[in-house]
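The next block holds one structure in the form of structure tokens; read it before the comments.
Predicted, not measured: the structure shown is a model, and the values here were computed from it.
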Amino acid sequence: AALTQRFNAFVQAHPELFTKLKPQLLFRDWKGVPNAITLADGHILITDDLLKLLDNDDEAYAVLLHELGHAHYNHVMHSVVRASLLSVGVAVVVGDASTVANTAVSAGTLAANMSYSRDMEIQADAFSAQQLNAERIGVAPFIRSFEKLENAYGDKKPNAKEENQSSVFDWFASHPNTEERIRRLHQFELAAPQ
């Protein structure tokens, strides 16, 4: 209830940030899925498993601000449109409707869209950090949320043998590396009110 109240208070206090859709918070019980996602219709879902992991209200609020950043920038719709345009563009270049060409279209679209998704995540992280600083909370709770997710569910660090394979997976990842995200958030820490 307290988290819903904070979420609604933020949305009501900042109507200029949400001119297309008014975000609404929903809770879901998806066993084993600690996540929060923004949908194209403005709904933001947060799972019970994520709330259990983030035992501090400020940590959960920081994650919700990140999702509100996606809503503000309309990232979901931008992704849908971009993926559609990329598919058409790659299909035109390939010019063949065979199975091999369809696979090439899918792979080309996926590769191009992953980098775009990472940029959106970075932008939503910055939105959350700026709002946390504006509310004099600071970015520490957001950093803790990433650390908790990494500790509970993060990928194992690659050993020397797996290093090349890991870099390939990083290239296809839709989210930036957790360490990179935390490093970026520390830059906002310097601007946090004292």
Stepwise side-chain contact (heavy atoms from CB on, under 4.5 Å) check, I182 with F142: CA-CA 9 Å; I182 290 172; F142 199 21; over 6 Å; no
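- Without hydrogens or angle criteria, T47 side chain to W30 main chain gives no donor-acceptor distance under 3.5 Å.
- Under the 4.5 Å side-chain heavy-atom criterion for grouping Ile, Leu, Val, Met, Phe, Trp and Tyr, L149 is connected to V139 within one hydrophobic cluster.
- S128 places a side-chain N or O within donor-acceptor distance of the main-chain N or O of A62, the cut-off being under 3.5 Å.
- Atoms CD1 and CZ, on I122 and R181 in that order, are 8.0 Å from each other to the nearest 0.5 Å.
- Nearest heavy atoms, P23 versus I44: CB-CD1, 4.2 Å.
- Ring orientation note: the planes of H70 and H66 are nearly perpendicular, at an angle over 60° on the 30°/60° scale.
- Here the straight-line distance linking atom CG of L25 with atom CG of L3 works out to 6.0 Å at 0.5 Å rounding.
- Distance alone, capped at 3.5 Å, is enough to place a donor-acceptor pair between the H72 side chain and the L17 backbone.
- For E147, the side-chain hydrogen bond (donor to acceptor under 3.5 Å, both in side chains) criterion is met by no residue, not counting sequence neighbours.
- Taking the six-membered ring where the residue is Trp, the centroids of H14 and F10 are separated by under 6.0 Å.
- Residues E59 and L54 approach most closely at OE1-CA, 3.6 Å, considering heavy atoms.
- Paired with R184 under the rule side chain to side chain donor-acceptor pair (under 3.5 Å), one option of H186, Q187, E180 passes, and it is E180.
- Connection of L64 to L21 is not established within any shared hydrophobic cluster, with ILVMFWY side chains joined at heavy-atom distances below 4.5 Å, either directly or through further cluster members.
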Intermediate values then yes/no, side-chain contact (heavy atoms from CB on, under 4.5 Å), N35 and L50: CA-CA 6 Å; N35 204 356; L50 182 58; 5.6 Å; no
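- Cluster annotation: Y73 and L65 are assigned to the same hydrophobic cluster (Ile/Leu/Val/Met/Phe/Trp/Tyr, side-chain heavy-atom contacts under 4.5 Å, transitive).
- Judged by distance alone, the side chain of E67 and the main-chain N or O of T38 form a donor-acceptor pair under 3.5 Å.
- With respect to the salt-bridge test (charged N to carboxylate O, under 4.0 angstrom), the residues D48 and K31 do not qualify.
- Linking ILVMFWY residues whenever their side-chain heavy atoms come closer than 4.5 Å, directly or via other members, places F27 and Y61 in the same cluster.
- Contact between A129 and L185 at its shortest, heavy atoms only, is CB-CD2, 3.9 Å.
- Between R6 and D58 there is a salt bridge, since a side-chain N of the basic residue sits under 4.0 Å from a carboxylate O of the acidic one.
- At a threshold of 4.5 Å between side-chain heavy atoms, the hydrophobic network of Ile, Leu, Val, Met, Phe, Trp and Tyr places V63 and L39 in two separate groups.
- Around atom CD of E16, more than 12 heavy atoms belonging to other residues, nucleotides or ligands sit under 6.0 Å away.
- Legend: residues meeting side-chain hydrogen bond (donor to acceptor under 3.5 Å, both in side chains) with R183, ordered by chain and number and at least two apart, are absent.
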F127/Q131 under side-chain contact (heavy atoms from CB on, under 4.5 Å): CA gap, chis, key distance, verdict: CA-CA 6 Å; F127 178 91; Q131 300 307 323; 3.8 Å; yes
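- Atom CZ of R28 sits about 12.5 Å away from atom CG of L51, to the nearest 0.5 Å.
- Residues K148 and N151 are not in side-chain contact: their nearest non-hydrogen atoms beyond the backbone lie 4.5 Å or more apart.
- L53 CG to N56 CG: the interatomic distance, rounded to the nearest 0.5 Å, is 11.5 Å.
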Criterion side-chain contact (heavy atoms from CB on, under 4.5 Å) on L132 and F188, from CA distance to verdict: CA-CA 10 Å; L132 289 166; F188 286 95; over 6 Å; no
